[in-house]
Amino acid sequence: MTETALRTRTNSVVYALMLLCFMILAERSLRYGFYELFFSGLAITALAAAGIAATLIRRHRQLQTRSHLLILVLMALIILQAIAREPSLAFYWLYPMLMAAFLLLRVRQAAALCAAGLLLSLIAAWNLPLREQLTLAGTALLLAAGAGWFARHYHASARYVDTLTIVDPETGAYNERSLNETLSREISRSEATGHPLSMALLRIDHREELSGVYGEEALAGLSAAISQSLRTTIRAGDSHYHLGDGRFFLLLPFTPEEGLRVTAERVRRLLGESRWPTVESITASIGSTTRSPGETSAEALRQRCEEALGEAQRRGHDQVWHLGAQAHSMSSTSRDSTSSRSSGSSISTSD
């Protein structure tokens with residue numbers, strides 16, 4: 001579950017509880033003849049229903065939506081009107097709104113809204129005895145403090161959930177789901193701004209043999225060590241992704257083909273010259289490509305990296321092979337192996 005999905009579910013539940021709460025209050029007000037409170041409760045119920053609809057409609061952009069603040073402000077205004085008419089009865093209506101605000105809004109926004117709402121409510125209930133005002137205000141402050149404490153932990157947990165869904169727990173690198181989202185976003189940005197976008201796919205050579213000798217547990221530790229090494233090797237704006245089966249994907253925004261070749265060769269040398277846990281030494285094959293203007297398919301770019309990696313492995317492993325868009329087009333129209341080899345360009349691996 002992503003952070004957006006978690007917040008969508010939480011927000012829907014909060015609005016549903018508010019809808020139920022104010023529907024009951026409206027029904028009780030009608031039963032005892034408080035018709036103005038009945039219509040106020042009905043209006044808040046309608047706003048809660050609108051909140052559910054807005055949450056579901058904007059479920060993919062839950063973190064950017066501003067409708068929650070607007071809905072809660074309208075609710076607060078209706079509650080203030082109700083308090084001005086029947087302060088001893090309607091002041092309690094403020095409590096569910098205070099608690100909902102901390103779950104639906106950022107903590108600072110919720111605190112500001114609650115402080116303003118409580119102050120205006122006390123002004124609207126000025127004709128109540130001072131002792132009753134202090135009791136109501138004290139209860140509201142305790143509820144707001146408890147809701148704020150809970151909301152702080154909830155928002156932190158929601159962000160942590162999102163981190164878990166995009167990070168591979170085995171290696172600490174981003175996972176394939178994150179790659180799919182980030183690659184599409186970087187392609188759109190590259191198309192809009194014209195900056196180069198390069199990528200590379202690396203795989204540990206002879207991984208099946210290593211797995212048979214050392215076991216999958218040992219290779220899990222190896223993947224984690226490789227991930228840490230990649231993290232310290234690539235630039236701050238670059239990112240790496242663990243795809244499983246000894247494969248890592250490097251995404252290099254603002255990197256032209258020449259820079260990609262240098263980075264790929266540096267990574268290949270680093271992996272081959274370093275000492276690793278359990279297996280001591282390894283080599284890796286790397287396939288790379290650079291996006292050409294007009295290319296918008298993430299799947300096509302990833303496929304080109306796969307083909308380049310396959311060519312590097314066919315050439316004896318411990319190789320870097322770069323495949324451009326034009327070369328890929330040539331190799332796609334011809335199955336001849338000679339034509340396929342001439343369509344790419346290798347990077348020398350000799351020291």
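- Residues Leu202 and Phe249 fail the side-chain proximity criterion, which asks for heavy atoms closer than 4.5 Å.
- Side-chain polar atoms of Arg185 and Asn180 form no donor-acceptor pair below 3.5 angstrom.
- Defined by atom type and a distance below 3.5 Å, a donor-acceptor pair is missing between the side-chain atoms of Asn11 and Thr55.
- Inspection of the Thr255 and Arg235 side chains reveals an N or O donor paired with an N or O acceptor under 3.5 Å.
- Under the salt bridge (Lys or Arg N to Asp or Glu O under 4.0 Å) criterion, Glu299 pairs with no residue at all, not counting sequence neighbours.
- Listed by first and then second residue, the salt bridge (charged side-chain N to carboxylate O under 4.0 Å, His left out) pairs involving residues 72-99 are Glu36-Arg85 (not counting sequence neighbours).
- Checking Ser178 against Asn175 by side-chain atom types alone, no donor-acceptor pair falls below 3.5 Å.
- Legend: residues meeting salt bridge (Lys or Arg N to Asp or Glu O under 4.0 Å) with Glu132, ordered by chain and number and at least two apart, are absent.
- Side-chain atoms of Leu30 and Tyr35, non-hydrogen and from C-beta on, do get closer than 4.5 Å to each other.
- The closest side-chain heavy-atom distance from Arg275 to Ser281 is below 4.5 Å.
- Inter-residue side-chain proximity for Ile44 and Leu19 is flagged as unmet; no heavy-atom pair is nearer than 4.5 Å.
- With no hydrogens or angles considered, a side-chain donor-acceptor pair links Ser227 and His240 at under 3.5 Å.
- Under a 4.0 Å N-O distance rule, the pair Glu176/Arg247 does not qualify as a salt bridge.
- Judged purely by distance below 3.5 Å, without hydrogens or angles, the side chains of Ser288 and His322 pair a donor atom with an acceptor atom.
- Contact annotation: the side chain of Met97 approaches that of Leu94 to within less than 4.5 Å [non-hydrogen atoms, C-beta and beyond].
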Take Trp149 and Phe102 through the test ring pair (Phe, Tyr, Trp, His ring centres under 6.0 Å) and record every step on the way to the result. CA-CA 9 Å; Trp149 178 85; Phe102 280 101; over 10 Å; no

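- With a 4.5 Å cut-off on side-chain heavy atoms, Leu72 and Leu104 count as touching.
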